Amino acid sequence: MTVALQSLRKFKGVAVAITLGAIGLSLFAGIWTWASAHLGNDVLLPSPLSVLSTYAELIADGSLAKDIGASIFRVFAGFSIASTIAVPLALVLAYSRILRGLVMPLIALIRPIPPIAWIPLAILWMGLGDPPSYFITSIAAFFPIFLNAFAGGTSLQQEHVNAARSLGAGPFALLTKVMLPSALPMIVTGLRIGLGQAWMAVVTAELIAAQSGLGYMIQISRLSLETSRVLVGMTVIGLLGAVMIGSLGVLERRFIVPWNYPR
Amino acid sequence: MARGVSPIHQRADYIETAPTGPAPHLHVVDPVPSHAQQKPRLSLDGVTVNFGARAVSAVQDVSLTIGAGEFVALLGPSGCGKSTLLNVMAGFCTPVQGRVLLDGEPLTGPSAKCGVVFQKHSLFPWMTALDNVAFGPRRLGLTNARQIAQDLLDIVGLAHVANEWPASLSGGMQQRVGIARALATRPPVLLMDEPFGALDAQTRSLMQEELLSIWDKLRPTVVFVTHDIEEAIFLADRVVVMQTYPGRIAREFAIDIPRPRSAEVLNDHAFIERRREITDVIRVEARKTFR
């Protein structure tokens with residue numbers, strides 16, 4: 001009875017959210033349509049309908065899928081490099097005062113440099129093509145992942161360590177059963193933010209240093225004044241970014257750190 | 001650590017011979033009357049702890065012998081070092097002088113022989129109630145860890161929340177899971193650091209009765225830190241009153257109120273008499289440092 005009531009309430013909540021979202025998006029599309037009709041210039045602002053027909057065109061000739069694939073691959077490459085380095089480094093620094101003292105000032109100095117400022121060096125070192133994009137995306141993803149994982153590592157509670165030791169936990173159990181799970185919620189938050197940053201950075205990198213991908217497609221279309229293609233690129237970036245971050249959020253709540261979201 | 005040693009509940013000295021009672025692995029220990037102190041289980045000998053980098057209160061030259069199966073309350077105002085003393089017994093901090101003996105052997109660090117119940121928030125939030133309780137038995141490599149955990153949750157009356165996350169349990173429930181977890185390795189000694197301090201008065205009173213009934217079933221040696229005089233008298237066989245600056249034992253009181261005790265003993269003459277005596281001592285001690 002109460003379970004049914006609860007799920008009904010939840011269903012109602014979801015239905016309301018979807019309805020409101022749909023109304024918001026339709027309002028936006030309406031304003032967009034009105035503005036493009038008012039301007040009457042497809043180079044300045046093509047209507048949503050003509051963007052949709054460009055979508056159909058680019059899906060049909062397969063070029064959109066190719067660009068999306070190239071960008072996603074770069075994001076995951078850079079994201080994987082960043083998380084492989086950032087998470088272990090952050091945890092080691094969280095537990096070692098000497099290493100922390102050595103490395104943290106450097107991190108503090110490098111962190112404010114925006115990923116885009118690394119592009120000249122990246123091109124000088126790696127030329128054009130994929131490697132500079134991996135580099136830029138991993139720089140972008142590194143800091144949110146590192147900083148959150150570090151916060152997770154330092155948030156370890158002495159009570160948990162004491163409790164585990166008084167229950168017979170040795171160093172290995174302490175690491176795998178207490179320290180890592182205790183840092184995990186913050187690590188996952190860092191990964192989610194890092195993924196978002198990497199996704200934004202890949203477009204920047206492709207605008208300048210690549211010959212494929214959504215950023216490259218936007219750049220080429222800008223030069224040929226095909227604004228509806230630019231808008232296709234932009235909306236795909238928005239859509240895919242939202243889907244990626246949203247699904248990581250679902251994974252987080254359901255499977256990775258469900259204890260942080262008790263019913 | 002307890003590795004290499006056979007699991008506590010399998011050792012001959014912890015196995016109950018009587019066939020009655022709960023599952024054999026839950027049954028214990030010293031079937032001696034609690035007041036009898038034939039063999040010391042835990043003894044502190046001239047223990048001194050200084051103010052260190054940590055925010056702990058100093059303890060000076062404390063000697064205390066606790067018998068097997070005895071329930072001792074450490075009572076005193078905040079800053080008297082009662083929690084520090086408990087941390088020493090748990091092996092979390094090492095005294096600069098003196099020594100701690102557990103069953104006649106020097107204590108070298110935390111181990112599954114001393115279960116600890118903390119004031120609050122010590123359950124592992126990333127484990128269900130059941131996994132929290134099974135944590136200790138699993139570390140000891142027991143294959144029936146799950147069963148042990150289930151039985152203990154049953155004893156503390158929480159079998160129905162076995163699969164809940166700690167965050168979805170009330171404060172009183174969390175503390176009961178904490179007690180079950182500390183008991184799961186069948187420790188001969190249970191150390192409790194103001195375990196009910198964060199609970200509301202009603203819950204606290206229920207928890208005290210609950211604790212006595214658990215203690216009656218399993219009869220571990222208990223050291224119970226509190227600043228609540230009535231709680232100390234209600235629970236313990238012996239109340240050790242501590243004084244501040246430096247943390248020392250001021251006086252000890254044997255509590256001869258018969259068991260089993262229920263909330264009614266709070267109105268008994270013997271209870272009120274004990275409370276008056278102890279309150280007098282505490283007042284004198286508190287006045288010394290009250291400016």
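By convention in this document, chain letters (A, B, ...) are assigned in the order of the sequence lines, proteins followed by strands, and residues within each chain are numbered from 1. Just so we're clear, the structure is a prediction, and the values are computed from it rather than from any experiment.
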If you tally heavy-atom pairs under 4.5 Å against chain B, which of A/Pro262, A/Pro181, A/Pro185 wins?
-> A/Pro181

Least distance between heavy atoms, [X] atom then [Y] atom:
| X | Y | result |
| --- | --- | --- |
| B/Thr185 | A/Leu167 | CG2-O, 4.2 Å |
| A/Ala163 | B/Phe124 | CB-CZ, 4.3 Å |
| A/His160 | B/His121 | NE2-O, 3.5 Å |
| A/Gly168 | B/Arg139 | O-CB, 3.7 Å |
| A/Lys177 | B/Trp126 | O-NE1, 2.8 Å |
| A/Trp259 | B/Pro125 | CB-O, 2.9 Å |

Rounded to the nearest 0.5 angstrom, the CG-CD distance for B/Leu123 and A/Glu159 is 11.5 Å

Are more than 12 heavy atoms, taken from residues, nucleotides or ligands other than [X], located less than 6.0 Å from that residue's [atom1] atom?
| X | atom1 | value |
| --- | --- | --- |
| A/Met234 | CE | no |
| A/Leu27 | CG | yes |
| A/Phe28 | CZ | no |

Given that the side chain runs from C-beta out, which part of B/Glu164 has a heavy atom under 4.5 Å from chain A: side chain, backbone, both or neither?
->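 It is the side chain, since no backbone atom gets that close.
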
Heavy-atom distances under 4.5 Å only: say whether B/Leu191 touches chain A with side chain, backbone, both or neither.
-> neither

Heavy-atom proximity to chain B below 4.5 Å, by part of A/Pro258 =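 It is both, since atoms from each part get that close.
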
Let me know if A/Val178 has heavy atoms under 4.5 Å from chain B in its side chain, its backbone, both or neither.
-> both

